[in-house]
Asker: 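Attaching a single structure in structure tokens format; questions to follow.
Heavy atoms only: backbone and side chains are in, while hydrogens, waters and symmetry mates are out. Just so we're clear, the structure is a prediction, and the values are computed from it rather than from any experiment. Both counts, for ligands and for their atoms, begin at 1 and track the order of listing.
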Amino acid sequence: MSNPLRDPRDRRLPKVAGPCGMILFGVTGDLARKKIMPAIYDLANRGFLPPGFALVGFARREWADEDFAAEVHDAVREYARTPFREDVWAQLSAGIRFVAGDIQDPEAYARLKSEVDTLDAERGTMGNHVFYLSIPPGLFPVVVSNLRESGLTDSTGDEWRRVVVEKPFGRDLASAQALDEVLSEAFSPDEIFRIDHYLGKETVQNILAVRFANAMFEPIWNCNYVDNVQITQAEDIGIGGRASYYDGIGAARDVIQNHLLQLLALTAMEEPLSFSSAQVHAEKEKVLSAVQLPSNIELHTARGQYAAGWQGGVPVVGFLQEKGIPPTSTTETFAAMRVTVENRRWAGVPFYLRTGKRLGRRVTEVAVIFKRAPHLPFASQAVEELSDNALVFRIQPDEGITVRFGSKVPNTPGMEVRDVTMDFQYGDSFVDTSPEAYERLILDVLLGEPPLFPNSTEVDLSWKILDPVLDCWADLGQPEQYASGGWGPSSAYDMIARDGRTWRRP
Ligand code: BG6
């Protein structure tokens with residue numbers, strides 16, 4: 001397949017996936033429609049899929065291959081990042097199949113096996129199969145045991161089998177470990193790919209590039225210079241139609257356990273010996289092992305639920321009035337916590353994590369806030385508008401990096417100093433637009449490259465950090481209500497004020 005979107009000046013060799021096919025469970029779900037199917041098309045469009053790539057949908061629907069292909073087509077038309085091209089679609093859709101069946105029914109897996117065998121012969125997928133489980137984890141045991149019993153997970157010679165699982169990977173340490181056991185009945189650790197889509201974002205990968213490709217940041221990346229780190233993932237939307245997923249899960253399990261602790265790990269980890277999977281995981285594991293909660297969890301965490309209000313000029317309902325949420329739900333839609341990283345580099349530096357729905361605006365950022373200069377040779381009124389230096393990784397939506405520092409105000413008598421910012425914007429420096437996280441991650445699964453997927457140790461360590469917080473909150477009853485469109489409950493302001501600090505206003 002030609003590669004129309006490649007910039008001819010880009011001399012890096014693209015890695016194209018070898019012969020393979022993907023079997024998708026959960027084809028009718030939101031994620032499949034909005035992210036997975038469009039990403040597969042985008043990869044095909046960029047020339048990263050093998051010509052004989054096959055996509056097999058499996059679900060309890062009376063669909064023929066063409067019906068499923070029509071679903072994929074609609075999803076691609078609506079959500080793909082790259083332009084629609086008939087020739088690319090024709091090649092991709094020629095490999096689309098559908099197997100109708102109940103997830104519990106062994107017979108259905110026998111039909112799936114025979115379809116996959118046929119594709120191996122007809123499209124040259126050569127026995128290389130990814131099982132993408134975009135389904136609730138409660139269904140993993142039955143799917144995995146049926147895949148195993150039907151022989152779908154058996155490979156010979158150079159063939160490979162891989163499984164992709166979506167979050168939530170458990171709801172605490174014990175359930176995450178139980179899921180691991182289920183998966184390990186049919187797959188070895190290097191065949192299991194746990195998706196944390198934040199790690200597929202270019203701006204997140206750039207944290208390591210900026211830290212370790214440059215000489216000027218690492219010397220100050222430690223407790224001698226850093227006052228605190230604030231990691232924020234804020235959304236202006238509510239839970240939308242996801243009540244059944246979200247109720248009982250909440251903001252901490254949904255976002256802190258995975259995305260925010262991964263961002264913390266990338267910000268705080270030591271330089272890996274190389275960017276091989278083993279080395280990156282080794283450093284992330286070390287730093288996550290060093291994360292410590294304060295002894296008084298209640299004082300240094302905050303939780304809240306969004307109340308009815310206004311957002312973007314339209315009235316919005318509160319969390320407890322959302323369809324499918326019981327009026328007594330204690331699920332939090334805002335969560336914040338303070339942790340420290342107990343090692344020499346980060347001794348005494350608080351890392352503040354916060355996430356929430358229906359906040360002021362959609363923004364994800366990692367802000368490294370530096371200590372004040374030890375001495376300021378200016379009159380106190382001259383530096384009234386000077387705050388702390390900061391380096392901010394703007395993960396989204398306005399991707400880039402901001403450095404904040406003090407500068408002389410021109411045309412004023414004397415030395416008046418005020419904050420200014422220096423901005424790096426992706427769009428200004430690079431010709432290519434960034435791929436969607438799912439494009440990168442799905443390609444890595446097909447290539448068998450796991451550095452961007454949290455391993456089971458990281459997942460377990462993250463639950464170990466979060467479990468005591470969740471236990472503490474379980475006894476606290478109803479979370480505090482916060483106004484939609486604001487920046488969270490007052491307890492979030494109080495927790496950081498106790499440390500003599502304030503949240504950044506993104
Ligand atoms: C998902 C959460 O993992 O991340 C969602 O389940 C959240 O609740 C989403 O909305 C945010 O992702 P992004 O990429 O839009 O920041």
Side-chain angles (χ1 to χ4, degrees), residues 26 29-36 38-39 42 79 81 132-137 164-171 176 193-207 231-264 266 303-306 311 316 319 322 324-325 329 331-336 353-366 393-400 426 433-442 452-454 458-459 462-463 466 484 488 506:
D30 238 27
L31 190 72
R33 217 162 47 85
K34 290 187 178 156
K35 298 287 182 192
I36 302 170
D42 287 325
Y79 296 109
R81 180 180 66 89
Y132 199 126
L133 309 189
S134 180
I135 49 176
V164 181
V165 292
E166 283 287 345
K167 55 184 278 266
F169 202 79
R171 48 176 296 109
F193 291 74
R194 298 169 191 79
I195 294 254
D196 182 322
H197 77 279
Y198 263 64
L199 297 180
K201 292 181 192 272
E202 286 289 339
T203 44
V204 171
Q205 292 159 41
N206 198 29
I207 295 175
I231 304 181
T232 300
Q233 193 269 0
E235 292 179 276
D236 50 4
I237 53 170
I239 56 159
R242 296 168 78 217
S244 61
Y245 159 77
Y246 202 85
D247 191 36
I249 294 277
R253 288 187 177 96
D254 187 39
V255 172
I256 294 187
Q257 185 271 339
N258 37 79
H259 309 326
L260 297 200
L261 285 173
Q262 286 290 328
L263 288 176
L264 179 150
L266 297 175
R303 63 204 258 279
Q305 276 179 344
Y306 60 82
Q311 195 125 37
V316 292
F319 177 67
E322 294 276 15
I325 299 293
S329 172
T331 301
E332 81 284 351
T333 60
F334 176 99
L353 314 179
R354 70 175 157 164
T355 178
K357 303 231 181 251
R358 285 243 186 275
L359 298 182
R361 69 184 185 96
R362 174 172 182 253
V363 60
T364 301
E365 62 168 42
V366 176
F393 292 98
R394 303 194 315 268
I395 307 294
Q396 64 190 29
D398 173 26
E399 289 92 355
Y426 275 75
T433 57
S434 295
E436 274 280 319
Y438 273 87
E439 287 174 52
R440 170 66 197 261
L441 295 176
I442 290 174
L452 295 180
F453 297 83
E458 288 167 40
V459 172
S462 303
W463 281 121
L466 203 61
S484 287

Asker: Quick check on side chain to side chain contact (heavy atoms under 4.5 Å, CB included): which of Ile207, Thr232, Ile231 does Ile395 satisfy it with?
Answerer: Ile207
Asker: Mind checking whether Pro38 and Tyr438 have side chains closer than 4.5 Å, heavy atoms only?
Answerer: no
Asker: Show me the pairs that pass salt bridge (Lys or Arg N to Asp or Glu O under 4.0 Å) and involve residues 234-244, at least two apart or across chains.
Answerer: Glu235-Lys357
Asker: Whether Arg194 engages the ring of Phe169 as a cation-pi pair (distance to the six-membered ring centre under 6.0 angstrom, angle to the ring normal within 45°) should be assessed.
Answerer: yes
Asker: With a 4.0 angstrom cut-off on heavy atoms, strictly below it, pick out the residues next to ligand 1 and order them by chain and number.
Answerer: Lys167, His197, Tyr198, Lys201, Gln233, Glu235, Arg242, Tyr245, Asp254, His259, Lys357, Arg362, Gln396
Asker: Is a side-chain donor-acceptor pair under 3.5 Å present for Arg394 with Thr364?
Answerer: no
Asker: What I want to check is whether the side chains of Glu202 and Ser434 have a donor and an acceptor closer together than 3.5 Å.
Answerer: no
